[in-house]
Each structure stands twice: as C-alpha cells, then as structure tokens.
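Here's the structure we're looking at; comments come further down.
Counting convention: from 1, in listed order, for ligands and their atoms alike. When a residue number appears, it is its place in the shown sequence, counting from 1.
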Amino acid sequence: MNVYTDSSHERIFGTYPLTGDTLRSALEDAYAVGYRAFDTAQEYENESVIGDFLASVGPEADGAHLTTKVMPANFGSATEFLSSVEKSLERLRVERVNVLLVHWPPIGEDILPSLDYLQQALQRGFAEHIGISNYTRQMMHTAAAAVEVPLAVNQVEFHPLIDQSPLEAGALETGIPLSSYCSLARGAIAGRPEFEEIGRAYGKTGTQVALRWILQKGIPVITMSTSYKNIKSNFDIVDFELSHSDVEKIEAMRAENYRVISLEEAPWAPRWDTPTPRENRPAASFTRPAASSKGV
Ligand SMILES: NC(=O)c1ccc[n+]([C@@H]2O[C@H](COP(=O)([O-])OP(=O)(O)OC[C@H]3O[C@@H](n4cnc5c(N)ncnc54)[C@H](OP(=O)(O)O)[C@@H]3O)[C@@H](O)[C@H]2O)c1
C-alpha cells in the first residue's frame, strides 16, 4: 500500500523554507496547477500559512492531502509530543492530517519512545497514517518491528544524483515505502545536459525527466518552487514514460553520490547508509505505474 500513489497524490508540493507571503503565493500557484498534496513540518514554522490558505480556498480544498512532521524537540514525553501535534492541527485547521511523521530519528537516543508517541497520535485520531523521515535502512527495520500498524512512508532525500539503493532495499524488506525530498537535488539537476538530452525525445525538460524517473520507481515526489513556471513544470510529469534504456542511463548517474542533506548540512542526521557497489546488487526492477492524467 502507498498512501500517496494509491490516492493519486504522488506529486506533493514541498514548503520548506517558505513562509509568509512567499509561501502564500507559491501555494496559490501550486493549487492552480493542480497540486492537492502539501508537505510541511513543525520545524518549518509555516503550518498556519497552509491552514489559512486552504481555509481561504473553501470547501473544495477539503480534499487536500496534508503531511506534517513532529520535530525532535517535542519527543521528550508523550504529553509533549501529543500536545505539539494538537497545535499543528490547530495551525493547519484540520481535525487530523493524512500523514504524520517523526521528522528525524533522535540524535544518539532510542528511537522507540518517539515511535510509541507517534502510534498514540494515530490512536487518538490525529492522523490517518503515520510514518518516519530520515530513517536509515537499519532504523526502518527497528521501526517496522516496533510499530503495530504499517508505517506509511520513510521520507528521505531521493534524486538521480544520489545512490539510495540501501533505502530501496530497506523499503522492500520492511514494506515501508519511500517518498522523495530534495527531488531535484535542490535545483542542482536543472540545466544538466545529460537530463536535457534525454528529455528532448519526450518534449520534456531535464528536471521533468529526473522527477519522472523517481515516479517510475513508484516513489512519490516532493518538490518545492517559488516560480510558477517551475511549479507547473514539476507537476507536468505524468503524461510520458521513460524507456528502459533511459532509466538505465539515469541509474548510472547515481554513482555521483551527491548528497544535499550531508552531515555537514545536518549534523543531527544519522550516519547515512553507504551504497552497495552496483555489481553486487540484484538486477534493477523497472516498474511502470499507469500514467495518470488526474490533477489531484
Ligand atoms: N523530511 C525532511 O527532512 C526534508 C528535508 C528537506 C526537504 N523536505 C521537503 O521536501 C521539499 C522539497 O525539497 P527541497 O525544497 O529541499 O528541494 P528541491 O525541491 O529539490 O529543490 C528546490 C529548489 O529547486 C529549484 N527548482 C524547483 N523546481 C525547479 C525547476 N523545475 N527548474 C529549476 N529549478 C527548480 C527551486 O527554485 P525556484 O523557487 O526558483 O523554482 C528551489 O531552489 C521541501 O520543500 C520540504 O517540504 C523534507
């Protein structure tokens, strides 16, 4: 089960680090092009802008799909965790979110208490689904064994310039699907000739090729942009299908191992998995999700 792809919410609008009027304007553009799934977090301090925006759209925005994340500063106790989620719901102006995540594994601490509090949030009806973010393959196993319900997602950095094969293996082993953030390597993919060249055959840009490659793996895609042109382009990725040989060309680029959220960038991150050498890996699987023209 994939709570994003199964509900046609595999294209998710990311909101970090946007706030205030910049976020409001980006949300207007995202909504206009068809985005109905939005990703936020307590740490982004922008949940109220999203709640206010969706309230201003009116009843037709009731179908919006919301993911938010609890920050580690609120992992201290069940009471602290749950009251922080209640505040998130107030800011988002909903009774429950679609997906509630723990944003990071706590640094050097047991991950089990925060997972227990996350389950309590689910039991209280604060979320339809729960999941994790920035968990390593080993942590995915610990989480899957500890939590009594299926975890809906592990939201991680995922794009064609990083080899996240250990996490893909972890997803297969544990049944916890991945979703991708920094899907365009925070802009680093834009203008790269290898992607542009592949895109020409489909009448698409290099960034659309990169996002399509992620979707074709069955992985929902989160992208953020403040430009209408880029927002529209990032959404317009479901009407073409990359050939097996183009997928293989892109797979080869993962060897670059360009990580946006490095340990220098995020010293609180866990020790990231190191990739398995390509020659020792099982043959790549090529999934072809049905192309969808649905805007929601
Ligand atoms: N769970 C976590 O720990 C975590 C960590 C990081 C991010 N996230 C989530 O994932 C979302 C996306 O990640 P991200 O914002 O870091 O990275 P991203 O989507 O890979 O990149 C965003 C950057 O790329 C540019 N861009 C977007 N579309 C483009 C296009 N079509 N052509 C050229 N440039 C383009 C944007 O600039 P313009 O504004 O000029 O378009 C922006 O500077 C975040 O907003 C957040 O919701 C989660």
Sorted by chain and number, the residues that approach ligand 1 to under 4.0 Å with a heavy atom: G14, T15, Y16, D39, Y44, K69, H103, W104, S133, N134, Q155, Y181, C182, S183, L184, A185, R186, G187, A190, T207, I222, T223, M224, S225, T226, N230, N234
Other ILVMFWY residues reachable from Y44 by side-chain steps of under 4.5 Å: Y16
Exam field: side chain K69 to backbone T40, donor-acceptor pair closer than 3.5 Å: yes
Pair F75 and Y117, ring centroids less than 6.0 Å apart: no
Donor-acceptor under 3.5 Å (Q164 side chain, E157 main chain): yes
Geometric class of the F53/F38 ring pair [parallel <30°, tilted 30-60°, perpendicular >60°]: perpendicular
Side-chain donor-acceptor pair present, R24, S56, cut-off under 3.5 Å: yes
